[in-house]
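Report on the structure given below.
Just so it is clear, the structure is predicted and the values come from calculations on it, not from any experiment. Reminder, nothing fancy here: chain letters follow the sequence lines and each chain counts from 1.
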Amino acid sequence: MEFIKAENVRFSYDEPDEEQPDKPVHEVLKGIDLSIERGEFVALLGHNGSGKSTMAKMFNAMLTPTSGKVLVDGMDTADETHTFDIRRQVGMVQQNPDNQLVASIVEEDVAFGPENLGIAPAEIRRRVDEALKVVDMYEYRTHAPYKLSGGQKQRIAIAGILAMETACIVLDEPTAMLDPRGRAEVMDTIQKLNREKGITIILITHYMDEAVQAGRVIVMDSGTILTQGTPRDVFAQVELLKTHKLDVPQATELAFRLHSAGCGLPNCVLTIPECVDALELLLTKKGAAQ
Amino acid sequence: MTPILETQELCYTYGVETPFEKKAVQNVSIKIEQGDFIGVIGHTGSGKSTLIQMLNGLIRPTSGKVLLAGKDIWEEPKKIRAVRFRVGMVFQYPEDQLFEETVLKDIQFGPRNMKLTENEIEQRARDAAKFVGLPDELLDKSPFELSGGEKRRVAIAGVIAMDPDVLILDEPTAGLDPAGRDVLLSEIVSYHKIRGNTVLLVSHSMEDVARVADRVLVMNASHMQMFDHTAEVFAHDKELESIGLQVPQVTKIMAELKSRGYPVETCLTVEQAVAQLLPLIKKGGDRV
Amino acid sequence: MTRDIALGQYFPGKSPVHRLDPRVKLVLTIAFIVYIFVANNFWGLGFLALVTLGIMVVSSVPVKMYFKSMKGILFIVLFTSVLNLFYGSGKVLVQIGFMQITDDGIRNAIFIAVRIVCLILFSSILTFTTSPTELTDAMERLMSPLKVLHVKVHEISMMMTIALRFVPTLLEETDKIMAAQKARGADMESGGLMQRIKSLIPVLIPLFVSSFRRAYELAMAMECRCYHGGEGRTKMKVLHMEAMDYAVLVFGGAVLVVILLLNHFVPAVI
């Protein structure tokens, strides 16, 4: 079932100049069409300034299109009477883990969302405990967030959204400020939410190795959708990605270069074991042919 | 030749003689030669931040010595500021430190503190801006109007402008997108080549370290785990993994092929791997 | 380092003091601060000090934490008591130039020192055993009658929650920016007062800039989490008074009676 639908979304931060109506307005989004199903894991990929973060804010009515439409579960984000209901459905986690935690105690921060929804105290308690268990931070429930690592803080931010029981979580570069360990923790948590809880995930990132974990990758560049599809289909287009300031995993790049040099290698491998196996197959086959 | 930077049995303990005592760095002895490009890797909390802050005198060691060109930097504590001019330090997210009205003035802050002549201050700031690829028209703007990547460059230029003998960069590419990261990294490499000074690059990205560093210092649990040529360090993929560090993907792939009996050597970049694999594939992969 | 400031730190626990209704704790803390100034002789003050020590023991917060909270204040304690040494009439004990120390002065100095120490310890008990959210919650509830006067009670308490949450973050950031500017040769340790103030500009401006960014991002995060003011908001931790809480209130009243009696029957010091 279609959960989020964007129709020809255009957006500009500037107001059109009334005195100079001909002066072109800088558009951040230039007619985006996309739809996201319930339970999907979508990665929105693009370099800084590609419009991906602006697009992310469209999904929970933090921004509304200058023209075009975004529908969340059938509700138009431009209709202010729906704003609250939309944010109950679509939660958001931001880049800087320090700037999205409100309370000085972990469990009280996680309770912030449900408290805003006016849920009964006992039910909030249950949700908070459960959410903290899902992100594996239950034992830290009485700690002060500022003493925790970036990855842990980010998981608390995720728990804060989980406790609101939203159907979808939008994560806007959640790992950009984390070290490799923190990144892995957050990515594992996201995977778990999608697989075990069936939560729709929209992950905004510029890390290819994270996008590879999604079910669908949408590549954005200068406010348009450049290409989309399964990670395998998208990362096969190594040259296209590179010309749009993006990167591919080294395993993919190695296979691609060898493929281009005329070796009989599949043109898209995503992981290290895949690459090693493909290379071995090639080397032994050639060896056998001799 | 005297190493430009040397540490002898360097130790640092936080909160000595309090219940919160924590050993951050223990017995680190290294020699860094003039002109080296060194990668520093290790987990958050491995002690690498404390270590680099001792190298420019921001943190005073609990015991042990830091020698800059053979001279103990704490011999005259009053002159520690002079050490900071010679060992430049770019912190993580350095754009958070910008404060002047214009980009140029901000870059001049360091040289001005050095009490250079007005001409020299101007010259050094403009040179530094060039090294990091800041166009002239940005120099009179307010630093707060710039994009994230541009701000980062201004902050790095502010340290380069002091013309340090040793430049330490803590995660200079954190938070940048792949294109921004590549450009900044190549600017640092070319700065190193042209100036011929010593660079220490702290990074979580093994790919970046493998690409640019001559030698790699590995910190683990407040100790120095390894300090060797880049290829040597990354050849120890199992040891690195055991302390929770990765090796670059391409290094891992080649190591895996090697362990399956193919005649390949440790690779640090995709280019190296292609160069090794192509002839091998062309003539057929005879296992050794 | 700035990070070591213990004042305003919460120590999670399950002691009877922790479990008290934060409203009771808040009211009693304010009451005790008043008591400290009501007590006008050593007997009353000694009695209060004893009560404070008793509560400290029951709170099961490590004693070293209380010492730590005293550390930052020590200077003020010494300063004011030294100042008091030279006041007051009575038998002159020491004569230094035109200044003299009298037995009254010594008594005053000790009295003031004990007062301040009690004050700090008692407020530390409150902050150590009460989470910031509980505290602001209690404030919101206690002030709620003011809503009639159109005082934005919820907003005030939310502001306090956020302020408390960001104090450690901003202290850490200050450390970081200071280190970065020192690395560029900023000199913050020497020079006269004007020069020192000037040398803070490179720290303060970045701090302001980042605080604004943080405020903006936090506001956005709060909106994303459906924050829409106090209307229709519930709380995970509901405050309700139990027998213990009433008992403690009665105890607080009894302490006042004792202080007043001691004031009345024992001659005042000042």
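- For A:Val93, no part lies under 4.5 angstrom from a heavy atom of chain C.
- Residue A:Asp98 touches chain C through both its backbone and its side chain, counting heavy-atom pairs closer than 4.5 Å.
- There is no contact between A:Ile86 and chain C, counting heavy-atom distances below 4.5 Å.
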Pair A:Arg87-C:Glu223, side chain to side chain contact (heavy atoms under 4.5 Å, CB included): steps then yes or no: CA-CA 9 Å; A:Arg87 293 192 187 143; C:Glu223 255 189 78; 3.5 Å; yes

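- Shown here for A:Asn116 and C:His228, the closest heavy-atom pair between the two residues is O-NE2, 3.1 Å.
- The residue among C:Pro12, C:Ala215, C:Cys226 with the most heavy atom pairs within less than 4.5 Å of chain A is C:Cys226.
- By the 6.0 Å contact criterion, NZ on C:Lys235 is enclosed, its count of non-hydrogen atoms from other residues, nucleotides or ligands being greater than 12.
- Around the OH atom of A:Tyr13, the shell of radius 6.0 Å holds more than 12 heavy atoms that belong to other residues, nucleotides or ligands.
- Here CE of C:Met236 is found 13.0 Å from CZ of A:Phe112. Values are rounded to the nearest 0.5 Å.
- Annotation for C:Arg233: atom CZ counts as buried by contact number, over 12 foreign heavy atoms lying within 6.0 Å.
- Closest of all the heavy-atom pairs between A:Asn60 and C:Cys224 is ND2-SG, 3.4 Å.
- Distance check, rounded to the nearest 0.5 Å: CD of C:Glu134 to CD1 of A:Ile105 gives 8.5 Å.
- A 4.5 Å side-chain heavy-atom check between A:Thr142 and C:Phe11 finds every atom pair outside the cut-off.
- How far OG1 of C:Thr234 is from CD of A:Glu123: 10.5 Å, rounded to the nearest 0.5 Å.
- Both the backbone and the side chain of A:Glu107 come within contact range of chain C, each with at least one heavy atom under 4.5 Å from a heavy atom of that chain.
- For NZ of C:Lys152, the number of neighbouring non-hydrogen atoms (other residues, nucleotides, ligands) closer than 6.0 Å is 12 at most.
- Heavy-atom pairs under 4.5 Å with chain C were tallied for A:Ser104, A:Ala122, A:Ala111; the largest tally goes to A:Ser104.
- From A:Gln95, atom CD reaches atom CD of C:Glu217 across 7.5 Å, with rounding to the nearest 0.5 Å.
- In terms of heavy-atom pairs under 4.5 Å with chain C, the best-connected choice from A:Ile161, A:Val128, A:Thr83, A:Leu101 is A:Leu101.
- Separating the CD atom in C:Glu172 from the NZ atom in A:Lys147 is a distance of 11.0 Å, to the nearest 0.5 Å.
- Partners of A:Arg10 according to the side-chain hydrogen bond (donor to acceptor under 3.5 Å, both in side chains) rule, which considers only residues two or more places apart in sequence or in another chain, are A:Glu27.
- No option in A:Gln100, A:Met92, A:Gln94 other than A:Gln94 meets the side chain to side chain contact (heavy atoms under 4.5 Å, CB included) test with C:Met220.
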Side chain to side chain contact (heavy atoms under 4.5 Å, CB included) between C:Arg225 and A:Asp109, worked out: CA-CA 11 Å; C:Arg225 291 164 79 180; A:Asp109 185 81; 3.3 Å; yes

Trace of the side chain to side chain contact (heavy atoms under 4.5 Å, CB included) decision for A:Val102 with C:Met158: CA-CA 9 Å; A:Val102 183; C:Met158 182 53 79; 4.3 Å; yes

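- Using a 4.5 Å cut-off between heavy atoms, C:Tyr216 does not touch chain A at all.
- Of the atoms belonging to A:Ala103, heavy atoms from both backbone and side chain fall under 4.5 Å from chain C.
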